[in-house]
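All heavy atoms count here, side chains included; hydrogens, waters and symmetry mates do not.
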Amino acid sequence: MASAPGVFSFRRSNRSISEGTMEIELSDLQEQRRLKAEELREQGFDPYPTRAKRTHTTAEALAGFERAEAAGSETGGETITLAGRVVSRRHMGKTLFSHIRDGHGELQLYIRKDEIGEEAYNRALKLFDLGDWVQASGETFRTKTGEVSLRTADLTILSKALNAPPEKWHGLQDKEIRYRQRYADLIANEEVRRVFATRSKIVSAIRRFFDGLDYIEVETPTLQPLYGGAAARPFTTHHNALDQIFYLRIADELYLKRLIVGGFERVYEICKDFRNEGVDRNHSPEFTMLEFYEAFADYTTMMDRVESMVTFAAQEALGSTSFVWQGHEIDLANPKPWPRITLREAILEWSGVDYVQYPDQESLQAAARAAGAKIETGTVWPRIVDEMLKQFVRPNLIQPTFLIDYPVELSPLAKRKPDDPTHVERFQPYIGGGEIGNSFTELNDPMDQLDRFLEQMKDRDAGDEEAMPLDTDFVNALMYGMPPTGGVGIGIDRLTMLLTDQSTIRDVILFPAMRNLPSGTGPLSFGLPDDDDDDAGESDDE
RNA sequence: GACUCCGUAGCUCAACGGCAGAGCAGCGGACUUUUAAUCCGUUGGUUCUGGGUUCGAAUCCCAGCGGGGUCACCA
């Protein structure tokens with residue numbers, strides 16, 4: 001789908017570009033529809049009127065009819081007005097059947113020539129198309145085949161569509177058009193509408209959950225002078241007036257902990273994080289993260305929070321705590337509570353290797369390889385542990401499971417276990433073979449934190465581009481004193497994938513990042529004067 | 001970034017070295033309770049772009065562009 005993707009592309013115009021105007025040649029189908037809009041205008045009907053006068057949604061119309069029918073009536077008993085997009089049309093001589101869809105469902109219009117008049121009937125037949133928005137008035141009734149329909153007495157256009165909707169039976173399949181022109185995908189594919197409606201319910205349920213626990217929702221910087229809180233490469237940008245580099249945040253963790261220092265006891269934020277890394281079915285350069293921090297809590301408290309929150313979100317969004325993910329039946333409420341196993345036990349169980357027995361890189365690498373892991377030579381010790389987790393353990397964690405207690409080397413912001421300083425109080429919730437978050441008892445010893453940052457700087461000097469930079473202001477904040485605190489990050493996209501049974505992160509992001517099309521090949525790009533460069537972005541203030 | 005598959009009408013897809021097709025949508029017609037309505041007729045193409053091989057290329061080769069998948073990195 002390279003040159004001119006799909007549904008809504010326009011052809012190159014052969015006409016020359018006259019000064020100050022653009023010449024766009026519409027496709028045959030688009031031109032037909034444009035002419036129909038003109039014809040409507042000539043007949044005195046604005047194809048794009050300013051206002052609609054809907055009295056009922058399709059869902060309300062249906063419910064109203066069923067109430068009247070239960071009371072013994074054969075009609076809805078009142079004249080109502082619906083508004084919606086034409087999604088199907090079947091005409092049979094002097095009768096026209098057409099379904100319209102609004103944000104609440106679909107309803108069939110039953111249009112008879114002898115009831116709305118010859119002129120109006122011919123207008124509906126000849127000038128209205130699939131995809132148009134229309135408004136219809138009449139009374140509801142049930143057809144011979146049993147479908148509740150609107151006996152249409154009046155039908156007007158609300159918005160003439162120039163692009164035809166995609167194929168009615170197969171929908172829109174081309175993934176590139178589906179992602180680039182999500183509006184077309186939403187029109188064509190009901191499943192897609194369901195996924196994004198569910199995503200919205202998940203997010204609002206999460207807010208209700210934390211609001212109910214007296215958390216406050218806060219907003220921290222997206223543009224950060226120094227990035228941190230995760231191991232990742234950032235996007236870099238530049239502020240003109242300040243003449244300064246800013247980084248797009250890779251996490252909000254360090255700011256949220258500053259707020260705990262400041263005295264807020266419970267804070268959460270749902271925001272976009274940006275990581276300048278590879279793109280695949282589990283990673284998007286821009287993704288949505290929930291982070292929440294709670295004073296006087298530790299990671300065991302936070303496990304309770306995660307379990308309750310995820311279960312609540314599922315119940316609210318799906319109406320159930322059980323669902324199917326990629327063929328696996330998963331129930332968030334069983335077992336309860338979710339099992340908690342240490343990383344060490346898990347790796348031992350599924351690989352036979354007890355990594356604490358191999359404290360140096362060479363011996364652990366040999367043991368991991370002997371157990372069947374693929375480990376590249378030169379992989380540092382903590383990475384080998386991480387690899388063993390990915391290769392041996394993760395695929396087995398289908399039912400909800402907390403993996404707890406990670407080696408300190410993997411977790412520069414987490415607090416050491418009191419009885420084992422080589423490990424930190426950290427957990428990751430796994431469901432469906434994937435991790436949906438990360439959490440720990442937060443490190444609040446400023447001097448230990450400074451040491452960890454310095455360790456990271458060594459890694460950085462050794463070439464690890466993802467090692468965290470030293471954030472002296474954050475250390476300074478900790479020097480004011482942060483109470484014992486538990487913190488969690490949950491990937492909203494991943495959680496949504498899980499609860500909507502989507503295997504690709506792009507299918508839960510409305511407008512996923514895509515490579516630019518070559519100039520002159522996108523919709524409406526032909527004949528457009530070239531973008532006028534330099535001062536375009538700078539001259540306008542506010 | 002590497003490997004691999006894909007790109008044909010508005011959409012869904014055929015044709016795989018020999019005249020570029022079908023279904024849906026569209027257009028014209030029949031039909032006053034249809035449900036992917038049915039029936040008759042019909043319009044519509046830079047086969048992603050640029051080279052090459054060949055008597056002949058949508059098809060084979062090379063390069064580019066865009067997308068999917070796998071791997072690497074990461075959450």
**Q** In whole angstrom, give the distance that lies between atom CE of A:Met92 and atom C1' of B:U38.
**A**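 Distance, rounded to whole Å: 8 Å.
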**Q** When all nucleic acid strands are considered with a 4.0 Å heavy-atom cut-off, which category describes A:Asp493: base, sugar-phosphate, or nothing?
**A**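 Here A:Asp493 touches no strand at all.
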**Q** Roughly how many Å apart are B:A22 and B:U42, using the P atom of each and rounding to a whole number?
**A**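 11 Å, rounded to whole Å.
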**Q** With sequence neighbours excluded, what pairs up with A:Gln32 under the side-chain hydrogen bond (donor to acceptor under 3.5 Å, both in side chains) test?
**A**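 With neighbours one apart ignored, the set is empty.
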**Q** Scan every strand shown for a Watson-Crick or G-U wobble partner of B:G23, both distances under 3.5 Å, and answer none if you come up empty.
**A**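 Pair assignment: B:G23 / B:C11.
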**Q** What's A:Gly489 touching, base or sugar-phosphate or nothing? Going by heavy atoms closer than 4.0 Å.
**A**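 Touches nothing.
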**Q** Whether the side chain of A:Thr441 engages the backbone of A:Tyr299 through a donor-acceptor N/O pair (distance < 3.5 Å, no angle test) should be reported.
**A**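 Yes, the answer is positive, given that a donor and an acceptor are paired below the 3.5 Å cut-off.
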**Q** Apply side chain to side chain contact (heavy atoms under 4.5 Å, CB included) to A:Val279 and list each qualifying residue two or more places apart in sequence or on a separate chain.
**A**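 Side chain to side chain contact (heavy atoms under 4.5 Å, CB included) check on A:Val279 returns A:Pro285, A:Arg506.
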**Q** Select base, sugar-phosphate, or nothing to describe what A:Asn282 touches, counting heavy atoms under 4.0 Å on all strands.
**A**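 Here A:Asn282 touches the bases of the nucleic acid.
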**Q** Name the pairing partner of B:A57, where a pair is Watson-Crick or G-U wobble with both distances under 3.5 Å, or state none.
**A**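 Pair assignment: B:A57 / none.
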**Q** Pick the P atom in B:G28 and in B:G66, then give their distance to the nearest Å.
**A**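 Each nucleotide's P atom is 41 Å from the other's.
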**Q** Measure the distance from CD on A:Gln173 to C1' on B:G10 and round it to the nearest whole Å.
**A**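 Computing the A:Gln173:CD to B:G10:C1' distance gives 15 Å.
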**Q** So does A:Thr143 reach the base of B:U34 with its side chain, donor to acceptor, closer than 3.5 Å?
**A**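 Per atom types, the contact qualifies.
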**Q** Using the rule side-chain hydrogen bond (donor to acceptor under 3.5 Å, both in side chains), only one of A:Glu66, A:Glu69, A:Glu147 pairs with A:Arg142; which is it?
**A**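 Result for side-chain hydrogen bond (donor to acceptor under 3.5 Å, both in side chains) with A:Arg142: A:Glu69.
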**Q** Run the side chain to side chain contact (heavy atoms under 4.5 Å, CB included) test against A:Pro400 and tell me which residues pass, sequence neighbours left out.
**A**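 Side chain to side chain contact (heavy atoms under 4.5 Å, CB included) check on A:Pro400 returns A:Ile330, A:Leu332, A:Trp338, A:Ile431.
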**Q** Check every atom of B:U32, B:A75, B:U70 against the side chain of A:Glu277 and return the nucleotide holding the closest atom.
**A**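 From the listed options, B:A75 comes nearest.
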**Q** Could you tell me which non-hydrogen atom of A:Leu403 sits nearest to which non-hydrogen atom of A:Ala346, and how far apart they are?
**A**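 For A:Leu403 versus A:Ala346, the nearest heavy atoms are CD1-CB, 3.7 Å.
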**Q** Is A:Phe287 touching bases, backbone alone, or none of the nucleic acid, heavy atoms closer than 4.0 Å?
**A**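 Result for A:Phe287 = base.
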**Q** Does A:Gln361 have any side-chain hydrogen bond (donor to acceptor under 3.5 Å, both in side chains) partners at least two apart in sequence or in another chain, and if so, which?
**A**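 Listed in chain order: nothing, the list is empty.
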**Q** Need the pair for B:U38. Rule: Watson-Crick or G-U wobble, both distances under 3.5 Å, any strand; none if unpaired.
**A**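 Per the H-bond distance test, B:A30.
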**Q** Does A:Asp280 make a side-chain donor-acceptor contact with the base of B:C73, cut-off 3.5 Å?
**A**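 By the distance-only test, yes, there is a pair.
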**Q** Could you give the distance separating B:C6 and B:U43 at their P atoms, to the nearest angstrom?
**A**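 So the two P atoms sit 33 Å from each other.
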**Q** Going by ring-ring contact (aromatic ring centres under 6.0 Å, His included), name the residues that satisfy it together with A:Phe141, two or more places apart in sequence or in a different chain.
**A**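 Partners of A:Phe141 by the ring-ring contact (aromatic ring centres under 6.0 Å, His included) criterion, ordered by chain and then number, come out as A:Tyr110.
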**Q** Checking all strands, does A:Ser284 fall into the base, sugar-phosphate, or nothing category for heavy-atom contacts under 4.0 angstrom?
**A**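 Here A:Ser284 touches the bases of the nucleic acid.
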**Q** Reckon A:Ala231 touches a base, only the sugar-phosphate, or nothing at all at heavy-atom distances under 4.0 Å?
**A**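 Here A:Ala231 touches the backbone only, sparing every base.
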**Q** Report which part of the nucleic acid A:Met514 touches: base, sugar-phosphate, or nothing (heavy-atom distance under 4.0 Å, all strands).
**A**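 Result for A:Met514 = sugar-phosphate.
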**Q** Nearest whole Å is fine: how far is B:C31 P from A:Leu96 CG?
**A**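 Checked: the CG to P distance equals 15 Å.
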**Q** Applying side-chain hydrogen bond (donor to acceptor under 3.5 Å, both in side chains), can you list everything that pairs with A:Glu31, at least two apart in sequence or on another chain?
**A**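 So A:Glu31 forms a side-chain hydrogen bond (donor to acceptor under 3.5 Å, both in side chains) with A:Arg34.
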**Q** Between A:Lys36 and A:Asp129, does the side-chain contact (heavy atoms from CB on, under 4.5 Å) criterion hold? Intermediate values first, please.
**A** CA-CA 9 Å; A:Lys36 289 179 181 180; A:Asp129 286 300; 2.7 Å; yes
**Q** Roughly how far apart, to the nearest Å, are B:U38 and B:G51 at atom P?
**A**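 These two P atoms come out 45 Å apart once rounded.
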**Q** Given the P atoms of B:G10 and B:U46, what is the spacing between them in whole Å?
**A**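 These two P atoms come out 7 Å apart once rounded.
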**Q** Looking only at atom C1', what distance separates B:G41 and B:C55, rounded to whole Å?
**A**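 The same atom, C1', in both gives a distance of 39 Å.
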**Q** Could you work out, with side-chain hydrogen bond (donor to acceptor under 3.5 Å, both in side chains) as the rule, every residue matching A:Arg426, not counting sequence neighbours?
**A**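 For A:Arg426, the residues satisfying side-chain hydrogen bond (donor to acceptor under 3.5 Å, both in side chains) (neighbours in sequence not counted) are A:Ser411, A:Asn438.
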**Q** If we take the C1' atom in both B:C16 and B:G64, what is their distance in whole Å?
**A**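 Roughly 23 Å separates the two C1' atoms.
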**Q** Remember a base hit wins even if backbone is also touched, and classify A:Arg233 as base, sugar-phosphate or nothing at under 4.0 Å, heavy atoms.
**A**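 No contact at all - A:Arg233 keeps every heavy atom at 4.0 Å or more from the nucleic acid.
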**Q** So what does A:Gly491 hit on the nucleic acid, given a heavy-atom distance under 4.0 Å: a base, only sugar-phosphate, or nothing?
**A**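 The answer is nothing, as A:Gly491 stays clear of every strand by at least 4.0 Å.
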**Q** Where the side chain of A:Lys144 is defined as all heavy atoms beyond and including C-beta, which of B:U33, B:U34, B:C73 is the nearest nucleotide?
**A**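 That would be B:U33.
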**Q** Would you say A:Arg90 reaches B:A37's phosphate, i.e. side-chain N/O to OP1/OP2 under 4.0 Å?
**A**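 True: A:Arg90 side-chain N/O within range (under 4.0 Å) of B:A37 OP1/OP2.
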**Q** Could you tell me which residues satisfy side chain to side chain contact (heavy atoms under 4.5 Å, CB included) with A:Lys94, sequence neighbours excluded, listed by chain and number?
**A**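 A:Lys94: side chain to side chain contact (heavy atoms under 4.5 Å, CB included) contacts with A:Lys113.
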**Q** So, the side chain of A:Asp185 versus the backbone of A:Ala188: is there a donor-acceptor pair under 3.5 Å, distance only?
**A**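 It does not hold such a pair.
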**Q** Taking for each residue the nucleotide of RNA chain B with the nearest heavy atom, is it A:Thr95 or A:His99 whose nucleotide lies nearer the 5' end?
**A**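 Its nucleotide being nearer the 5' end, the pick is A:Thr95.
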**Q** Does the A:Arg182 side chain pair with the main chain of A:Leu510, one donor and one acceptor, at a distance under 3.5 Å?
**A**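 A pair under 3.5 Å: yes.
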**Q** Give the rounded distance in Å between these two atoms: CD1 of A:Ile492 and P of B:A75.
**A**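 It is 17 Å, rounded to the nearest whole Å.
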**Q** May I have the distance from A:Gln502 (atom CD) to B:G69 (atom P), rounded to whole angstrom?
**A**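 Spelled out: CD on A:Gln502 to P on B:G69 is 12 Å.
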**Q** With heavy atoms under 4.0 Å as the rule, sort A:Arg178 into base, sugar-phosphate or nothing.
**A**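 No contact at all - A:Arg178 keeps every heavy atom at 4.0 Å or more from the nucleic acid.
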**Q** In the 5'-to-3' direction, what one-character label does each nucleotide of nucleotides 20-30 of chain B receive under the scheme B = base within less than 4.0 Å of a protein heavy atom, S = sugar-phosphate only, - = no such atom?
**A** ---BBSSS-S-
**Q** Any idea which of B:G67, B:A75, B:U35 is nearest the A:Thr145 side chain?
**A**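 So the nucleotide nearest the side chain must be B:U35.
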**Q** Is there a Watson-Crick or G-U wobble partner for B:C3 with both distances under 3.5 Å, and if so, which one is it?
**A**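 In the structure as shown, B:C3 has B:G69 as its Watson-Crick or wobble partner.
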**Q** Which nucleotide wins on minimum distance to the side chain of A:Phe141, given the candidates B:U12, B:U33, B:U35?
**A**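 Nucleotide nearest to A:Phe141's side chain: B:U33.
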**Q** Under 4.0 Å between a side-chain N or O of A:Ser98 and OP1 or OP2 of B:U34?
**A**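 Answer no for this pair, as no side-chain N or O of A:Ser98 is under 4.0 Å from OP1 or OP2.
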**Q** Could you list the residues that satisfy side chain to side chain contact (heavy atoms under 4.5 Å, CB included) with A:Arg85, not counting sequence neighbours?
**A**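 Side chain to side chain contact (heavy atoms under 4.5 Å, CB included) check on A:Arg85 returns A:Val87, A:Trp133, A:Ile187.
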**Q** Using atom names, set out every protein N or O paired with an N or O of nucleotides 1-3 of chain B below 3.5 Å, distance rounded to 0.1 Å.
**A**
none

**Q** Mind calculating the distance between CZ (A:Phe97) and C1' (B:C31) to the nearest angstrom?
**A**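 The answer, rounded to whole Å, is 12 Å.
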**Q** For RNA chain B, find the residues of residues 107-114 of chain A with a heavy-atom distance under 4.0 Å and give them by number; none if there aren't any.
**A**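 Going residue by residue through residues 107-114 of chain A, the ones with a heavy atom under 4.0 Å of RNA chain B turn out to be A:Gln108, A:Tyr110, A:Arg112, A:Asp114.
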**Q** Could you measure between the two P atoms, the one in B:A25 and the one in B:C40, and give it in whole Å?
**A**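 Comparing P positions in B:A25 and B:C40 gives a spacing of 14 Å.
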